[in-house]
Amino acid sequence: MKVKELMTPKESIPCMSPETYLDAAMSTFFETQLPELPVLENERLVGSLPLRSVLRGTTEALISLKHKEEREKRSSIILQSINEGLIMIDKNLVIREYNRAAEELLGAEASERIGSKAVVITRGTSPVFEVMQTGKPRFNVMSPLSDGRIFSVNYVPMLENGNVVGVIQTFRDITGQEEMRSQLLASRDELDRAFALTLPNSRVEHKLKNTPEYRDVYDPDTGEITITEVIADGGYKHVVNALKVLADLNNKGIMSLLGISKDVLVQSIIFHDLGKSQPQFEIGQTADPLDEFEESYAHAQRSADIAAHFYQRNADVIWLVKYHHHQETQLPSDFPNHLKPMLRLLKLVDGLSAALTRRDATIRLDVDGTRVYVYERNAHPDFNKSRVVDLFTGEIIEIPDYPIIEG
Ligand SMILES: [Fe+2]
Ligand SMILES: [Fe+2]
């Protein structure tokens with residue numbers, strides 16, 4: 001007997017190519033029952049494939065798949081179990097991961113959000129973009145949401161070979177803690193009463209309560225303003241709001257700074273606008289502010305005179321009140337250097353109080369050493385300006401507004 005009587009003829013042997021997938025090869029083995037198959041490339045024999053190699057290969061693949069699945073299952077359990085909201089976005093801002101806490105905190109379904117684009121509602125730059133660009137994480141970014149809640153958000157870059165491929169945001173609701181912090185500021189009535197006690201006498205109170213402040217809209221074409229609201233006791237409200245801002249800064253540690261005196265500042269705030277003479281306007285009236293309002297230097301000088309001669313305030317208070325509208329470059333050469341940090345603080349507090357009194361602004365302050373971080377939001381975005389002021393150097397840097405993460 002010769003081999004040819006037993007062999008499988010060449011035409012009946014199915015061929016594999018080096019590119020054939022293992023599962024296809026597997027079914028060929030089952031169909032043909034052959035223990036080994038030839039591998040051809042461009043009609044040339046380039047190798048042979050024994051069944052046992054296929055079995056070993058598929059078993060290994062199955063085991064590693066099982067490990068991978070288990071790992072994925074485990075990391076998904078970890079992801080779901082953490083109490084902080086977690087959203088992972090890729091570099092095209094597409095949401096890739098959205099855990100259960102995120103669903104609860106943001107009231108959205110992960111199944112709807114994953115795969116769709118993240119909505120980053122923020123004016124200016126969101127930390128997401130910054131982290132994408134720099135590859136450096138940002139932690140504990142205070143983020144007020146449009147519904148009034150406040151979240152603390154971490155932004156951590158996902159790196160692959162040194163390149164940022166996405167950002168992981170984790171966040172928690174800290175509204176309760178923040179509310180506790182601002183409780184002092186919220187109890188306005190108590191503060192009002194406490195403030196009345198700090199006033200030198202009823203004449204000062206009377207003057208403040210009868211100095212109006214106005215809300216208006218400005219027409220850039222004509223340069224005129226139209227009065228929209230008269231705040232009859234605006235002078236009083238302005239001082240109370242300034243003291244509120246100062247109390248907030250005090251809470252955050254500003255008074256521990258060298259050269260910052262609470263007493264001097266409180267007195268300066270009480271007296272700074274006492275010499276103000278306001279025009280009388282009615283709602284709906286249109287006016288040219290340059291004609292109608294006295295130059296600010298004038299009331300600053302008058303207020304300083306009142307503080308000095310009728311109330312014998314100390315020299316520091318007088319300096320601060322007299323120059324609270326001057327640019328730093330316009331200060332006289334004998335202006336005491338040691339008062340500059342307090343002058344900067346007074347001007348900051350004055351401006352913020354004006355925003356609170358006349359524009360219903362929302363303000364958030366943070367103190368970091370000699371720097372004050374100011375996040376200011378107004379109904380009219382033109383006035384929005386977030387900045388960091390260094391009280392010692394006078395340097396002012398504009399900063400991005402606090403972010404609002406996707407909601
Ligand atoms: Fe003033
Ligand atoms: Fe003022």
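Atoms considered below: every heavy atom in the structure, side chains included; atoms not considered: hydrogens, waters and symmetry mates. Both counts, for ligands and for their atoms, begin at 1 and track the order of listing.
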*asked:* Please name the atom of His299, limited to N, O or S, that comes nearest to the Fe ion (ligand 1).
replied: NE2

*asked:* Between Lys276 and Glu213, does any side-chain N to carboxylate O distance fall below 4.0 Å?
replied: yes

*Between Tyr155 and Phe171, is the ring centre distance below 6.0 Å?*
no

_Please tell me whether His325 and His299 form a close aromatic pair, meaning their ring centres lie under 6.0 Å apart._
yes

_Are there over 12 heavy-atom neighbours, none belonging to Glu294, within less than 6.0 Å of that residue's CD?_
yes

*Any donor-acceptor pair under 3.5 Å from Ser268 side chain to Val264 backbone*: yes

_Assess, by modelled atom type and distance only, whether the side chains of Thr228 and Asp216 contain a donor and an acceptor separated by less than 3.5 Å._
no

*Which atoms of the protein, restricted to N, O or S, are nearer than 2.8 Å to the Fe ion (ligand 2)?*
His238 NE2, His272 NE2, Asp273 OD2, Asp350 OD1

